[in-house]
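Heads up: the structure comes next, in C-alpha cells.
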Amino acid sequence: MPGSEVLARYQKSTSLKVIFGVISVAILGLIVVYSISVGSYKIPVSEVVSTIFLKNTSSAVHNVIWNIRIPRILTAIIAGAGLSVAGAAMQSILRNPLGSPYTLGISSAAAFGAAFALSALGAGSVASRTAEAAIIVNNPYLVTVCAFISALSATAVILLLVRYRGATPETMILTGVALGSLFSAGTTALMYFAESMQIAAIVFWQFGDAGKAGWSELAIMTVISLPAVIYFMRNSWNYNSMKAGDETAKSLGVNVERVRIVGMVVASLLTAVIVSFIGIVGFVGLVIPHIVRRFIGGNEMYLIPYSCVTGGLLLLAADTVARTIISPVVLPVGILTSFLGAPLFIYLIIRGREYW
Amino acid sequence: MKIKVDGLYFRYDSKPVLRDVSLELRHGDILGIVGPNGSGKSTLIKCLDRILRPQAGSILIDGEEINRMDRDELAKKLGYVPQGENSKFPITVFDAILMGRRPYLNWRPSAHDLEKVSDVICQLGLEEIAMREIGAISGGQRQKVLIARALAQEAEVILYDEPTSNLDLRHQLEVLNMIKEQAENGITAVVAIHDLNLAARYCDKFVMLNKGVIYAAGGLEVLHPENIEPVYKVKVSAINNSGNMVIVPEYPI
C-alpha cells in the first residue's frame with residue numbers, strides 16, 4: 001500500500017469528523033428554533049423566524065423572544081459548551097477519564113465562593129416575590145471573582161496531588177469527593193448563619209438553572225468562554241502529547257508543567273464564571289467529552305471544538321425539556337442533568353473501561 | 001550531529017543516581033547503555049532529552065548546551081522512544097505518529113506533516129494498522145509506532161529506553177533491525193538495553209553503568225566477562241559463535 005493511500009484513508013476519516021461537526025451545528029440550529037417557539041407562551045415557528053429576521057411582529061412576542069427565550073437559550077449553549085470543554089481539557093491535562101469540573105469538586109468550590117460573596121459579602125440582595133425567594137445579584141464581578149478564587153483553591157489541591165503523588169484517576173476522584181463535601185459543608189455553614197430568607201435564596205440559587213442569566217451575565221460568560229475555548233484549541237496538540245504521558249510530551253517539546261497549570265486555571269475560571277451565574281450543572285463536563293470521543297475518537301483537534309458544540313446542543317436540549325416537561329413549572333436544568341448524568345456516569349465506569 | 005556529555009550528576013531527593021557521567025557520540029553511532037537494574041540507564045536517557053534536569057554537568061549538541069535550547073528546537077533534534085505507553089484515551093496509530101510533528105505545527109498539521117507521517121508508516125510497514133486504535137494493536141506493533149513517531153519527528157538522534165524489554169523474540173529483532181537501519185541512514189541511536197547479547201549484536205559503542213557511574217566504555221570489549229561479572233554479580237562466559245560473541249550467564253556470585 002503506497003503512502004498516498006494511507007493518506008487518503010486518513011483524510012477520509014477526517015472528512016467524516018467534519019461531517020459530524022456540520023450535523024451537530026445543524027441540529028443545534030434546529031433545537032434553537034424549536035426552543036424559542038415552545039414554552040408556556042407558544043410561538044409558532046414562522047413567527048419566530050419573522051420576529052428574528054424581519055422584526056415585524058407584536059411587541060409581546062418580540063419581548064418574549066428577545067428578553068426571555070434567547071438569553072436563556074444562549075446561556076444554556078454557552079454553559080453547556082463551557083463546562084464540556086473544561087471537562088475535555090481537564091481529562092487530557094490530568095490524563096484522567098473521570099476528570100470534570102464536577103467530579104473534581106471544582107464546581108462545588110465555585111458554588112461556595114459565589115454563595116460566600118452573595119451572603120457574607122453582600123454582593124446579592126434578597127427579594128421576596130410572593131412565596132418564592134429570589135436573589136438579586138448586585139455585583140456579578142464580585143461573585144465571579146469569589147467563585148474563581150474558591151475554584152482555584154480546589155484546583156491547587158488537585159494540581160499538588162498530581163505533582164507530588166502522581167495521582168491515579170481513582171485518587172483524584174476521591175480527592176474530588178472530599179473537596180466537594182468540604183465546600184458543600186462550607187456552603188451549609190454559610191446557610192446556617194444566614195437569615196431564613198437568605199437560606200431560601202442560596203438554595204434556590206444553587207440549582208443549576210439557565211434562566212438566571214440575563215444579557216449582561218451572558219456578556220461576561222461569553223467574554224471569558226471564547227478566549228478560553230480558543231486557548232484550549234491552540235493547545236490541542238500539547239494535550240494530545242500529554243495524554244501519552246509527561247515524558248513523551250516533554251520529548252515532543254511541550255512545557256508540561258506550564259501547560260498543565262495554565263490549562264487547569266483557565267478551566268477553573270470557565271467553571272467559576274458559569275457556576276456563579278447559573279449554579280451547579282453536574283455531569284455535563286464529564287459525560288459530553290466521552291460521548292464525543294465515541295463518535296470521532298480522541299484527537300483533541302476535533303474533540304475540543306466538538307465538545308463545545310455537543311455540550312451546547314445537549315444542555316440546550318435538556319433545558320428545553322426541563323422547562324416544558326411539566327409546564328407551566330420550569331424545572332432547573334441542573335436537576336435533569338444530574339438525573340441523566342448519574343446513570344451515564346455509572347455506565348461509563350462499568351462499560352467505558354475497555355476504551356479508557 | 002555530535003553529542004558531548006560532561007560530568008553529569010543527577011539525584012532524586014538526596015540519592016545520587018548518576019555521578020560524573022561523561023561520554024561522546026558521533027553521527028550514525030549506535031550506543032548501547034547497559035547495566036543492572038537501578039544502575040541509571042533510563043535516568044541517563046531522560047537527562048539527555050531534558051525530561052529530567054541534572055543537578056550538575058553539561059550536555060552539548062553540536063557545541064550548544066541543551067538547557068539553553070528552545071524546547072521545540074531540541075525536539076526537532078532529539079527523539080525519545082519510551083519503554084511503553086499506556087494511554088487511557090482512544091487514539092489512532094496515524095494520530096499517535098502525527099504527534100511526532102508537534103514541534104513543527106501550530107494550529108493544525110500541514111499537508112507536509114501528513115505526507116511525512118504517511119511516508120514513515122510505509123517505511124516501517126505499518127500501513128495495515130494505520131487507522132486502528134493504538135489500544136487494539138500488539139505490544140510489538142506499538143513499539144514500532146513509537147519509533148515511527150520519533151522518525152516523523154525528523155530527529156537526528158533517537159533515544160530508546162529499553163525498546164525490547166516487553167517484546168517477544170521476533171519483535172525484539174525487528175525493532176533492533178529498524179534501529180540499525182535508521183543508524184545506517186545517519187540517525188544516531190542511544191539504546192538502554194538489558195539483553196547483553198542483543199546489545200553485542202546491534203550496538204557499536206557501549207557504556208556500562210554501575211550504580212550511576214560509568215564502569216566501562218568503548219567498543220565490544222566493554223562486554224568482556226571481566227566487566228560483566230563484578231557489575232552484574234553473575235558468573236558469565238563468553239563464547240564465540242561463528243564470529244558473534246555470545247554471553248552465557250552461569251550463576252550469581
Side-chain angles (χ1 to χ4, degrees), chain A residues 1-14 88 91-92 94-99 168-169 230 233-256 258-259 289-290 293-303 352-356, chain B residues 46 49-52 70-76 78-92 94-96 98-109 111 114-123 125-128 130-131 133-136 146 149-150 153 155 159 161:
Chain A
M1 194 189 303
S4 55
E5 196 178 319
V6 173
L7 190 56
R9 267 159 58 202
Y10 183 71
Q11 279 160 343
K12 191 177 159 220
S13 79
T14 305
Q91 287 169 10
S92 314
L94 302 173
R95 296 187 77 199
N96 187 341
L98 300 179
T168 61
I230 291 170
M233 285 172 72
R234 181 73 177 79
N235 277 283
S236 56
W237 281 95
N238 289 341
Y239 298 159
N240 271 335
S241 320
M242 281 164 69
K243 282 190 300 190
D246 283 10
E247 287 164 2
T248 298
K250 282 182 188 174
S251 77
L252 293 171
V254 180
N255 187 344
V256 172
R258 201 182 68 194
V259 169
H290 286 288
R293 275 191 205 99
R294 287 249 179 223
F295 283 99
I296 60 136
N299 190 339
E300 301 283 328
M301 217 169 79
Y302 301 98
L303 180 65
R353 285 260 174 205
E354 67 194 49
Y355 92 99
W356 287 356
Chain B
K46 286 172 191 166
D49 203 13
R50 220 169 67 176
I51 292 170
L52 294 173
D70 178 68
R71 282 166 204 275
D72 286 348
E73 289 312 310
L74 183 63
K76 288 174 190 172
L78 281 182
Y80 166 74
V81 177
Q83 211 174 68
E85 244 173 42
N86 140 44
S87 174
K88 300 180 181 72
F89 297 94
I91 186 153
T92 60
F94 194 105
D95 280 333
L98 187 53
M99 252 182 233
R101 301 301 295 170
R102 203 226 66 109
Y104 301 87
L105 56 82
N106 282 317
W107 291 88
R108 52 186 307 118
L114 298 178
E115 269 164 34
K116 180 78 203 166
V117 171
S118 312
D119 289 348
V120 170
I121 286 175
C122 294
Q123 195 188 335
L126 302 171
E127 298 95 333
E128 296 303 324
M131 298 312 295
E133 291 292 324
I134 200 151
L146 299 182
R149 178 190 296 160
Q153 206 173 329
L159 310 165
D161 191 356

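In what follows, chains carry the letters A, B, and so on, assigned in the order in which the sequence lines appear, proteins first and then strands, with residues in each chain numbered from 1.
- For the atom pair CZ (A:Arg258) and CZ (B:Arg71), the distance works out to 7.5 Å, reported to the nearest 0.5 Å.
- For A:Ser241, the parts lying under 4.5 angstrom from a heavy atom of chain B are both the backbone and the side chain.
- In this structure, the portion of B:Pro82 lying under 4.5 Å from any heavy atom of chain A is its side chain and not its backbone.
- Counting heavy-atom pairs closer than 4.5 Å to chain A, the top-ranked of the candidates B:Ile91, B:Leu105, B:Val120, B:Leu146 is B:Leu105.
- Interface check for chain A: of the options B:Ala96, B:Pro109, B:Ala155, the most heavy-atom pairs under 4.5 Å are formed by B:Pro109.
- Heavy atoms of B:Arg101 lying under 4.5 Å from chain A are absent altogether.
- In this structure, no portion of B:Leu159 lies under 4.5 Å from any heavy atom of chain A.
- B:Leu74 does not touch chain A: none of its heavy atoms, backbone or side chain, sits under 4.5 Å away.
- Side chain of B:Glu85 to backbone of A:Thr248: no donor-acceptor contact under 3.5 angstrom is found.
- If you measure heavy-atom distances from A:Leu303 to chain B, you find no contacts under 4.5 Å at all.
- Interface check for chain A: of the options B:Asp72, B:Leu78, B:Asn106, the most heavy-atom pairs under 4.5 Å are formed by B:Asn106.
- Considering OG1 of B:Thr92 and CZ of A:Arg9, their distance stands at 11.0 Å, rounded to 0.5 Å.
- At distances below 3.5 Å, at least one donor-acceptor pair connects side-chain atoms of B:Arg102 with backbone N or O atoms of A:Gly253.
- At a 4.5 Å heavy-atom cutoff, B:Asp161 makes no contact with chain A through either its backbone or its side chain.
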Query raised in the report: Checking side-chain contact (heavy atoms from CB on, under 4.5 Å) for the pair B:Arg149/A:Leu252: CA distance, chi angles, key distance, verdict?
Result: CA-CA 10 Å; B:Arg149 178 190 296 160; A:Leu252 293 171; 4.3 Å; yes
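- With a threshold of 4.5 angstrom between heavy atoms, B:Asp95 approaches chain A through its backbone and through its side chain.
- Of the listed residues (A:Ser4, A:Gly297, A:Ala244), the greatest number of heavy-atom pairs within a distance under 4.5 Å of chain B belongs to A:Ala244.
- For a residue to count as touching a neighbouring chain, one of its non-hydrogen atoms must lie under 4.5 Å from one of that chain's; by this rule A:Gln11 touches chain B with the side chain only.
- For B:Lys46, the part lying near chain A is the side chain, with the backbone staying farther off; criterion is any non-hydrogen pair under 4.5 Å.
- The distance from atom CZ of B:Phe94 to atom OG1 of A:Thr14, rounded to the nearest 0.5 Å, is 8.0 Å.
- In this structure, CD1 on B:Ile51 lies 5.0 Å from OG on A:Ser251, to the nearest 0.5 angstrom.
- Looking at B:Leu98 and A:Tyr10, their side chains come closer than 4.5 Å, going by heavy atoms from C-beta outward.
- Atom OH of residue A:Tyr302 and atom CZ of residue B:Arg108 lie 5.0 Å apart, to the nearest 0.5 angstrom.
- The CG atom of A:Asn299 sits 13.5 Å away from the CZ atom of B:Phe89 when rounded to the nearest 0.5 Å.
- Per-residue counts of heavy-atom pairs under 4.5 Å with chain B were compared for A:Asn255, A:Asn240, A:Val256; the largest is that of A:Asn255.
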